[in-house]
Amino acid sequence: MFRGRLRRRAFWGRVAALYTGFLLTYAGLDWWVYHQSDKKDYAMLALVFLLVVTTALVVVQTVKRLHDTNLIGWWWLLVVPIIGNLFGAGIPLVDGTAGPNRFGPDPKKRLAYSPPANAENLPII
């Protein structure tokens, strides 16, 4: 689950789908509780379960996104309490490592940068 890399577009799509699914299910539970007031305990239990599952899946997507930028997944756990939402909002905006890195091949199929063979003969501008 935590292995591999994840492009920005895929990250945004997956996280948006997770949040949309959470909000739709939350709305359904709210409607259910409104119409059956004796089932509030079951709805609250379902909501807590849904929140835990959604949070875990978003963490997995964030770790894979960190892998794309050649950072270990523990950065999420170490940095989020310190920097907070700035890091969470910034990591999806940063482009991933070009070419393969220690977490796998580039999902964009780009080659890693290598200087030209005759780089020492190129004029300096």
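Numbers for residues simply follow the sequence, beginning at 1.
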For residues 15-26, which side-chain N or O atoms pair as donor and acceptor with protein atoms under 3.5 Å away, sequence neighbours left out?
residue	atom	partner	partner atom	Å
T20	OG1	A16	O	2.7
T25	OG1	G21	O	2.8

Pairs under 3.5 angstrom only: tabulate donor-acceptor contacts from the side chains of residues 49-59 to other protein residues two or more places apart or in another chain.
residue	atom	partner	partner atom	Å
T54	OG1	L50	O	2.8
T55	OG1	L51	O	2.8

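Screening residues 41-65 for salt bridge (Lys or Arg N to Asp or Glu O under 4.0 Å) gives R65-D68 as the qualifying pairs, with residues at least two apart or on separate chains.
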